[in-house]
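Nothing here was measured: the structure is a model prediction, and the numbers come from that model.
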Amino acid sequence: MPFENYEEQFNSEGYETIAGIDEVGRGCLFGDVVACAIIMPTGNLIEGVNDSKKLTPKKRELLYDKILDTALAVGIGRANSEKIDSVNIKVATHIAMQTAIENLRDKEGKKISPDLVLIDAERIKTKIFQQSIIKGDENCYSIACASIVAKVYRDNLCKRWAQEFPEYGIDKHKGYATKYHREALKCYGPSEMHRMTFLKNIKKW
């Protein structure tokens with residue numbers, strides 16, 4: 001899909017190191033919200049990159065490897081269910097995004113500090129200049145890359161969580177409020193990794 005040339009536009013304005021940021025898992029009943037910050041080289045866009053929600057799992061996984069191989073720097077940030085319950089999901093998402101920026105490392109493990117962050121429809125607490133982009137995962141290449149990395153990273157976490165809590169089928173629905181998940185909650189009750197503030201909004205689970 002064609003992207004707006006946000007990175008090239010800001011490059012022309014003097015910003016050299018530009019990170020795209022996106023999150024996944026915001027609407028789940030279970031587990032962490034995960035954010036990715038990523039710095040991609042300008043030009044030579046990876047073919048097939050798109051909003052992660054519009055890609056099949058197989059396509060996401062193929063692109064995930066290509067993106068990580070190509071990226072100049074990557075950082076992951078997480079906020080667990082306890083944090084989400086204590087501060088609310090919006091604040092927890094911002095914490096995950098801020099952590100992802102702080103965790104930006106290049107392939108040699110060197111910390112990289114961007115001079116601009118492009119964020120999908122959010123504004124966070126950071127001293128770094130930021131630009132919020134509506135539908136950023138559809139319109140901005142680096143944000144789309146971040147959305148894919150965050151999604152595959154969290155899906156892999158879900159596979160591990162499914163082994164710890166097999167009764168909920170987390171690997172199937174990734175923690176979202178599917179019928180299967182709600183039925184499991186009725187049968188087994190919530191686990192220590194469920195977001196209790198979210199469960200209050202689901203009548204009898």
Side-chain angles (χ1 to χ4, degrees), residues 1-27 32-55 60 63-64 66-80 83-84 86-154:
M1 66 170 290
F3 291 101
E4 299 290 338
N5 291 324
Y6 289 104
E7 292 84 0
E8 291 184 10
Q9 172 191 327
F10 284 108
N11 276 154
S12 69
E13 295 176 11
Y15 295 96
E16 296 181 0
T17 310
I18 301 171
I21 305 173
D22 201 11
E23 53 72 31
V24 68
R26 190 165 182 159
D32 302 8
V33 60
V34 173
C36 174
I38 197 162
I39 300 172
M40 301 298 292
T42 54
N44 298 319
L45 308 189
I46 298 171
E47 185 177 353
V49 167
N50 199 339
D51 173 7
S52 65
K53 295 185 291 296
K54 297 183 177 181
L55 300 170
R60 282 196 299 263
L63 288 168
Y64 175 85
K66 290 181 181 179
I67 291 166
L68 291 186
D69 186 56
T70 305
L72 303 178
V74 181
I76 296 292
R78 297 165 57 179
N80 63 21
K83 175 60 71 174
I84 291 166
S86 67
V87 299
N88 77 48
I89 185 59
K90 186 176 182 69
V91 174
T93 298
H94 289 183
I95 290 170
M97 289 179 167
Q98 290 156 5
T99 304
I101 296 171
E102 293 165 5
N103 287 340
L104 271 168
R105 299 289 188 278
D106 66 14
K107 288 182 171 61
E108 285 70 48
K110 179 183 177 183
K111 181 177 174 62
I112 303 296
S113 296
D115 49 19
L116 169 66
V117 291
L118 305 176
I119 309 178
D120 185 16
E122 292 286 350
R123 290 193 65 81
I124 62 175
K125 292 180 180 178
T126 178
K127 294 180 180 179
I128 301 168
F129 183 74
Q130 61 185 298
Q131 178 68 48
S132 176
I133 299 174
I134 302 301
K135 294 186 178 180
D137 45 12
E138 296 181 16
N139 299 317
C140 175
Y141 176 69
S142 60
I143 294 177
C145 289
S147 78
I148 292 168
V149 173
K151 174 61 175 169
V152 176
Y153 186 96
R154 190 178 188 279

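Side-chain contact between Y141 and I46: present, with at least one pair of heavy atoms (C-beta onward) separated by less than 4.5 Å. Using a 4.5 Å heavy-atom threshold, the side chains of L63 and V152 count as separate. The closest side-chain heavy-atom distance from Y153 to R78 is below 4.5 Å. Side-chain atoms of D137 and K53, non-hydrogen and from C-beta on, do get closer than 4.5 Å to each other. A 4.5 Å side-chain heavy-atom check between Q9 and E4 finds every atom pair outside the cut-off. Put simply, the side chain of N80 reaches to within 4.5 Å of the side chain of K83, judged on heavy atoms. The shortest side-chain heavy-atom distance between T70 and N44 does not fall under the 4.5 Å cut-off. Contact of the M97 side chain with the T93 side chain is registered, since non-hydrogen atoms from C-beta on lie closer than 4.5 Å.
Note that CG of L116 and CD of E7 are 9.0 Å apart. Values are rounded to the nearest 0.5 Å. To the nearest 0.5 Å, the span separating CE on M40 from CG on L45 amounts to 8.5 Å. Here N11 contributes atom CG and E16 contributes atom CD; the two are 8.0 Å apart, rounded to the nearest 0.5 Å. Rounding to the nearest 0.5 Å gives a distance of 8.0 Å between CD1 of I119 and CD1 of I143. Once rounded to the nearest 0.5 Å, the distance linking OG1 of T17 with CD1 of I112 reads 7.5 Å. One distance of note links CD1 of I95 with CD of E102; it measures 10.5 Å at 0.5 Å rounding.
A distance-only check finds no donor-acceptor pair linking the side chain of D51 to the backbone of K54 [under 3.5 Å]. For Q130 (side chain) and I124 (main-chain N/O), a donor-acceptor pair under 3.5 Å exists by modelled atom type. Side chain of R60 to main chain of L55: a donor-acceptor pair is present (N/O by atom type, distance under 3.5 Å, no hydrogens or angles).
Among all heavy-atom pairs drawn from A35 and A100, the shortest one is O-CB, 3.8 Å. The two residues S147 and S52 make their nearest non-hydrogen contact at OG-N, 3.3 Å. Of all heavy-atom pairs spanning N139 and I134, the tightest one is ND2-O, 3.2 Å. Nearest approach of L118 to C140, heavy atoms of both residues: CD1-SG, 3.6 Å. Scanning both residues, G75 and L104, for their nearest heavy atoms gives N-CD2, 3.6 Å. Of all heavy-atom pairs between A19 and S142, the closest is C-OG, 4.4 Å.
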Start with the C-alpha gap between E47 and K66, add the side-chain angles, then the distance that decides, and say whether salt bridge (charged side-chain N to carboxylate O under 4.0 Å, His left out) holds.
CA-CA 10 Å; E47 185 177 353; K66 290 181 181 179; over 6 Å; no
Between N103 and I76, is a side chain to side chain contact (heavy atoms under 4.5 Å, CB included) present by the stated rule, with each step listed?
CA-CA 6 Å; N103 287 340; I76 296 292; 5.6 Å; no
Working note: F3 + V49, criterion side chain to side chain contact (heavy atoms under 4.5 Å, CB included); need CA distance, chi angles, decisive distance, verdict.
CA-CA 10 Å; F3 291 101; V49 167; 4.0 Å; yes
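P114 pairs in a side-chain contact (heavy atoms from CB on, under 4.5 Å) with only one of the listed residues (I18, I38, I21, I128), which is I128.
Sorted by first then second residue, the side chain to side chain donor-acceptor pair (under 3.5 Å) pairs that include residues 107-128, not counting sequence neighbours, are R26-E122, K90-E122, H94-E122.
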